[in-house]
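Excluded from the calculations below are hydrogen atoms, water molecules and symmetry mates; all remaining heavy atoms, backbone and side chain alike, are included.
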Amino acid sequence: MRHNRNLRIFMASMLGTLCVIGLLLGLAEVDTQCRRIGFGDSKTLIYQITGKNLNLTCINGQICYNVSV
């Protein structure tokens, strides 16, 4: 009985964490697209904080994928 309770707590906290991560990635994507469409630049919140844009299409400095593919 105790094992099932611990598993439920773990699964609920994992699901909650994944939902928060998905929300943050979604907000970052919306911020990027709104800045691109509305202002024609890429000065997102992440850029203002870190000085770099988040580029999810690049694995490392040399290997990048085309977004339209």
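The hydrophobic cluster containing Tyr47, built from Ile/Leu/Val/Met/Phe/Trp/Tyr side-chain heavy atoms closer than 4.5 Å, comprises no other residue. Think of Val20 as one node in a network of Ile, Leu, Val, Met, Phe, Trp and Tyr side chains linked at under 4.5 Å; its network also takes in Leu24. The other residues sharing a hydrophobic cluster with Leu45 are Ile49, where clustering joins ILVMFWY side chains under 4.5 Å apart.
Separation of atoms NZ (Lys43) and CG (Asp31) is listed at 13.5 Å; rounding is to 0.5 Å. Note that the CZ atom of Arg8 and the OG atom of Ser13 stand 13.0 Å from one another [nearest 0.5 Å]. Remark: Asn6 CG to Met11 CE distance equals 13.5 Å, nearest 0.5 Å. To the nearest 0.5 Å, atom CG of residue Leu27 and atom OG1 of residue Thr44 are 12.0 Å apart. Here the CG atom belonging to Leu23 is positioned 12.5 Å from the CG atom belonging to Leu18, to the nearest 0.5 angstrom.
With sequence neighbours left out, Ile21 forms a side-chain contact (heavy atoms from CB on, under 4.5 Å) with Thr17, Leu25. Listed by chain and residue number, Arg35, Asp41 satisfy the side-chain contact (heavy atoms from CB on, under 4.5 Å) test with Phe39 (two or more places apart in sequence, or in another chain).
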